[in-house]
2 protein chains.
Amino acid sequence: MTQPIINIAFVDDHESVRTGIATFICRTGRINVQIEAKNGKDFLQKLSKADTIPDICLLDINMPVMNGYETQMELTKNWPQVKTLVLTSHDAELAICRMIGYGAKGFLVKSCNASEIEKAIISIYNKGIYHSELARSSLFNAILHKQIKLPNFTEQEMDVLRLCSTQLTYAEIAKKLDVSEKSVEGTRNSLFRKMNVTTRTALVLYAVELGLIPHHAPANSEL
Amino acid sequence: MTQPIINIAFVDDHESVRTGIATFICRTGRINVQIEAKNGKDFLQKLSKADTIPDICLLDINMPVMNGYETQMELTKNWPQVKTLVLTSHDAELAICRMIGYGAKGFLVKSCNASEIEKAIISIYNKGIYHSELARSSLFNAILHKQIKLPNFTEQEMDVLRLCSTQLTYAEIAKKLDVSEKSVEGTRNSLFRKMNVTTRTALVLYAVELGLIPHHAPANSEL
DNA sequence: TCTCACTACGGGGTTTTCCCCGTAGGAAAT
DNA sequence: ATTTCCTACGGGGAAAACCCCGTAGTGAGA
């Protein structure tokens, strides 16, 4: 029997990686890369202009401008027929579970064999879901079955979070945001609660892991 | 005139990325991937067993087991004829400059066009060096011309650094390392000086940026 | 031999972070 | 209507982080 061509979108900020993996998975003709995009915003724009909707979306989490979380939320809301395979560079359980919670259908880390990507795409196309061996974690299942609700972060919390990942003191952060130091502490406390940490250091590391803040060196540093 | 085949090594922990990019750059036959490795240790082992030495090495920085820095130091010491093209996922000036300081001949971020990788390999093969537009930074040139010496980190400093990226207090870190809290503070102070920061938060972010510590969420967290 | 870097500590101090306790207004959802 | 969440404050206090000031031994290298 003839197999239909699977149309995919590939959303990743690393063009060379995209081109490379696309070259590999397209070589048999079974899979066609219909849309390539370098971040979520780029993708959603191209998607809204497209004549046909791709079957599957390979989606990275950590991207500039618009990350994988926001992209997946939009996708789930407006294009639920597009099934997402999260393809991420590091095996961060939390980040992956978050994506599953937002509606992704499968995930792979980039350290997988390239053929596995094809297998996963075909599996999602046929069965609607792809479970790698990592999917056995209890956290994963709790989220999949909606037993845990994922915390969302407000604008204020994101602002404080970003400024927490600098050398600024809370007093200085307060000045930047034009609120009192007590308010900054209050917002920080809700971040602590949501992320289940107790120190600023852990908060910031956590945010980096989740891909919520970029991890660049403090501006003043020379080496 | 017939062009010689360029033999390369490709060292990156993401197998799918390696396969993908390799598929792309090998398609014309000009470049041959002679060695593939998933980290520095894996690479050096394969290199020492190889009959012929590759001309060029595509080297990632952030890898498990043995990172790009250590790998490049070994390479410069024992296989100086292998010219390194650093191929890294994020444009971290500090990390790149560090690699140049250790003897790498060029660098690219993975967000480049895949064809650029070919161009860079050929440029390094012919001219010994590849300068992307990022190479104009003053830091880059200062390091290239040995005007700045790169800090190295001692075992003790690395231990403290790793423990600093947890929720542990200095007193608890001291207990773990079986030294006094004052000693921990002393080691932390030398880390502060070397990295030119003043807070633990900045120190840890910096270390993540340099790829010196893995960025995983604190163990206790649930989400 | 003399310096230099690393490690290990201590005294004594300031600043920052973190943690309680509150109050209060506004917006959204039930 | 009432709850729930976000935001914005404040008082007061304990703990941690940060910053000087020292001393001292060790081992590597000039």
Side-chain angles (χ1 to χ4, degrees), chain A residues 73 77 146 148-207 212-213 218 220-221 223, chain B residues 73 77 101 146 148-208 212-213 218 220-221 223:
Chain A
M73 284 189 268
K77 206 203 302 182
K146 314 278 181 197
I148 291 180
K149 69 166 200 286
L150 294 158
N152 288 310
F153 304 101
T154 65
E155 296 252 332
Q156 191 69 18
E157 283 166 347
M158 288 304 295
D159 287 341
V160 170
L161 185 54
R162 265 184 290 270
L163 290 168
C164 275
S165 64
T166 64
Q167 304 210 71
L168 298 175
T169 64
Y170 291 131
E172 289 166 330
I173 293 172
K175 207 170 281 176
K176 282 226 174 198
L177 295 177
D178 201 33
V179 293
S180 81
E181 192 176 341
K182 283 293 179 180
S183 298
V184 173
E185 282 190 56
T187 308
R188 182 216 53 188
N189 281 338
S190 60
L191 284 165
F192 277 3
R193 255 180 286 111
K194 286 185 179 181
M195 297 211 186
N196 198 33
V197 294
T198 58
T199 66
R200 181 169 168 178
T201 302
L203 175 70
V204 165
L205 270 176
Y206 207 144
L212 294 173
I213 54 170
N220 73 317
S221 49
L223 198 70
Chain B
M73 284 190 268
K77 206 205 298 184
K146 313 283 182 193
I148 290 179
K149 68 166 201 288
L150 294 158
N152 288 308
F153 303 102
T154 65
E155 296 252 331
Q156 190 69 20
E157 283 166 348
M158 287 304 296
D159 287 342
V160 171
L161 186 53
R162 265 184 290 271
L163 291 168
C164 275
S165 63
T166 65
Q167 303 209 68
L168 298 176
T169 65
Y170 290 132
E172 290 166 329
I173 292 171
K175 208 171 277 175
K176 282 226 174 197
L177 296 177
D178 200 33
V179 292
S180 80
E181 193 175 342
K182 283 293 179 179
S183 298
V184 173
E185 282 192 55
T187 308
R188 180 216 54 188
N189 281 338
S190 59
L191 284 165
F192 278 4
R193 256 180 286 111
K194 286 185 180 181
M195 297 212 188
N196 198 32
V197 295
T198 59
T199 67
R200 181 169 168 177
T201 302
L203 176 70
V204 165
L205 269 177
Y206 207 143
V208 169
L212 293 173
I213 54 170
N220 71 316
S221 49
L223 198 68

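All chains are named by letter (A, B, ...) in the order of the sequence lines, taking the proteins before the strands, and each is independently numbered beginning at 1. Owing to the predicted nature of the structure, the values given are computational and were not obtained by experimental measurement.
Remark: Arg200(B) CZ to Leu191(B) CG distance equals 11.5 Å, nearest 0.5 Å. Between atom OG of residue Ser183(B) and atom CG of residue Asp178(B) there is a gap of 10.5 Å, rounded to the nearest 0.5 Å.
Residue contacts for Arg200(A): at a heavy-atom cut-off of 4.0 Å it reaches the sugar-phosphate backbone alone, with no base atom in range. Using a 4.0 Å heavy-atom cutoff across all strands shown, Thr199(B) reaches sugar-phosphate atoms only and no base atom. When heavy atoms are screened at a 4.0 angstrom cut-off, Thr187(B) is found touching no nucleic acid atom at all.
Of the candidates dT7(C), dA17(D), dC19(C), the closest approach to any side-chain atom of Glu157(B) belongs to dT7(C). For Thr154(B), whose side chain is taken as the heavy atoms from C-beta onward, the closest listed nucleotide among dA17(D), dC6(C), dA8(C) is dC6(C). For Phe192(B), counting side-chain heavy atoms from C-beta on, the closest listed nucleotide (dC18(C), dC19(D), dA8(C)) is dC19(D).
The backbone N or O of Tyr170(A) sits nowhere less than 3.5 Å from a side-chain atom of Glu181(A) that would complete a donor-acceptor pair. For the pair Gln167(A) (side chain) and Thr198(B) (backbone), a donor-acceptor distance under 3.5 Å is present. In this structure, Glu157(B) contributes its side chain and Ser190(B) its backbone to no donor-acceptor pair below 3.5 Å.
Contact between the side-chain N/O atoms of Tyr170(A) and the OP1/OP2 oxygens of dT15(C) is not found at any separation under 4.0 Å.
Using a 4.0 Å cut-off on heavy atoms, the residues of residues 174-186 of chain B that approach DNA chain D are Lys182(B), Glu185(B), listed by number.
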Pick out the pairs of N or O atoms, protein on one side and nucleotides 26-30 of chain C on the other, that lie under 3.5 Å.
none

